[in-house]
Enquirer: 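Before I ask anything, let me first share the structure, which is written out below as structure tokens.
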Amino acid sequence: AIARAARRRVVVIPWDAVAYKPIEIRGSEDIRKVRVSGCGGTVILPALEAAEKLLRPTTKIVILSDWDIFDINSAKVQEWLKKHRGRILAVTTLLPPPSYLQSVKIEP
């Protein structure tokens with residue numbers, strides 16, 4: 001839906017304790033390519049570092065998470081999120097993201 005609404009390519013970086021290979025999404029059939037094989041031990045820094053390599057001046061970032069993230073308070077993570085806060089939409093299913101991010105909660 002994001003790719004369709006934006007009429008742009010969307011790159012998904014699946015992540016848990018590591019960032020997996022980025023997947024380009026152009027249509028609903030591509031979403032089936034997204035797989036995360038890990039479980040638990042969520043850290044976000046590897047995903048942020050992977051995203052950094054793909055950023056362009058007009059890139060928007062959507063972070064989908066429960067925000068139960070082990071390294072959320074680390075200096076590197078906080079610095080990255082604050083640096084890019086104007087382009088981030090934090091979507092949560094559980095815990096609130098940092099207050100300086102625009103966020104949306106999805107109720108189960």
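Counting from 1, the numbers follow the sequence of the chain as shown.
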Enquirer: If you define the side chain from C-beta out and look only at heavy atoms, does anything of Val10 sit under 4.5 Å from Glu24?
Expert: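 The answer is no; the side chains never approach within 4.5 Å.
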Enquirer: Using side-chain heavy atoms (C-beta onward) and a distance below 4.5 Å, is Lys83 in contact with Gln78?
Expert: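 Side-chain contact under 4.5 Å: no.
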Enquirer: Counting N and O atoms only, with roles assigned by atom type, does the side chain of Trp67 sit under 3.5 Å from a partner on the main chain of Val91, one being a donor and the other an acceptor?
Expert: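 Answer holds: yes.
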Enquirer: Taking atom CD of Glu79 as the centre, report whether more than 12 heavy atoms of other residues, nucleotides or ligands fall under 6.0 Å from it.
Expert: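 No.
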Enquirer: Does anything in residues 87-108 pair up under salt bridge (charged side-chain N to carboxylate O under 4.0 Å, His left out), and if so which pairs, sequence neighbours excluded?
Expert: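 As it turns out, there is no salt bridge (charged side-chain N to carboxylate O under 4.0 Å, His left out) pair with a partner in residues 87-108 once direct neighbours are skipped.
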Enquirer: So if you build clusters from Ile, Leu, Val, Met, Phe, Trp, Tyr with side-chain heavy-atom gaps below 4.5 Å, do Leu45 and Leu54 land together?
Expert: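 Per the 4.5 Å side-chain linkage, Leu45 and Leu54 are not co-clustered.
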Enquirer: Just wondering, do Ile23 and Pro14 contact through their side chains at under 4.5 Å, heavy atoms?
Expert: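 A side-chain contact under 4.5 Å exists here.
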Enquirer: Kindly compute the distance separating NZ (Lys60) from NE2 (His84), expressed to the nearest 0.5 Å.
Expert: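 Going from the NZ atom of Lys60 to the NE2 atom of His84 covers 12.5 Å.
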Enquirer: Kindly compute the distance separating OG1 (Thr93) from CG (Asp68), expressed to the nearest 0.5 Å.
Expert: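 Rounded to the nearest 0.5 Å, the OG1-CG separation comes out at 9.5 Å.
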Enquirer: Exactly one of Ile69, Val43, Ile72 should register a side-chain contact (heavy atoms from CB on, under 4.5 Å) with Val77. Which one does?
Expert: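 Testing Val77 for a side-chain contact (heavy atoms from CB on, under 4.5 Å) against Ile69, Val43, Ile72 leaves exactly one candidate, Ile72.
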Enquirer: Please check: side-chain N/O of Asp71 versus main-chain N/O of Ile44, any donor-acceptor pairing under 3.5 Å?
Expert: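 Yes; judged by distance alone, with no hydrogens or angles, the pair exists.
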Enquirer: To check you understand the geometry: which heavy-atom pair defines the closest contact between Ile13 and Ala47, and what is its length?
Expert: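 Closest approach of Ile13 to Ala47: CD1-O, 4.2 Å.
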Enquirer: Just how far is it from atom CG of Leu64 to atom CG of Leu89, taken to the nearest 0.5 Å?
Expert: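 Nearest 0.5 Å value for the CG-CG distance: 8.0 Å.
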Enquirer: So, taking the atom named CD1 in Ile88 and the one named CH2 in Trp80, what distance separates them when rounded to the nearest 0.5 Å?
Expert: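 Taking CD1 in Ile88 and CH2 in Trp80, the distance rounds to 5.0 Å.
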Enquirer: Ignoring hydrogens, what is the shortest heavy-atom contact between Arg85 and Tyr100? Give both atom names and the distance.
Expert: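 Answer, listing the atom of Arg85 first, then Tyr100: CD-O, 3.9 Å.
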Enquirer: Can you tell if the side chain of Pro98 reaches within under 4.5 Å of the side chain of Leu81, non-hydrogen atoms only?
Expert: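 A side-chain contact exists here, since the closest heavy-atom pair is under 4.5 Å.
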Enquirer: Going hydrophobic residue to hydrophobic residue with side-chain gaps under 4.5 angstrom, can you get from Leu55 over to Val11?
Expert: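 No.
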Enquirer: So which heavy atom on Ala17 is nearest to which on Pro46, and how close?
Expert: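 Taking Ala17 first and Pro46 second, the nearest heavy atoms are O-CG, 4.1 Å.
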Enquirer: Using side-chain heavy atoms (C-beta onward) and a distance below 4.5 Å, is Ile63 in contact with Trp15?
Expert: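 Counting from C-beta outward, Ile63 and Trp15 do come under 4.5 Å.
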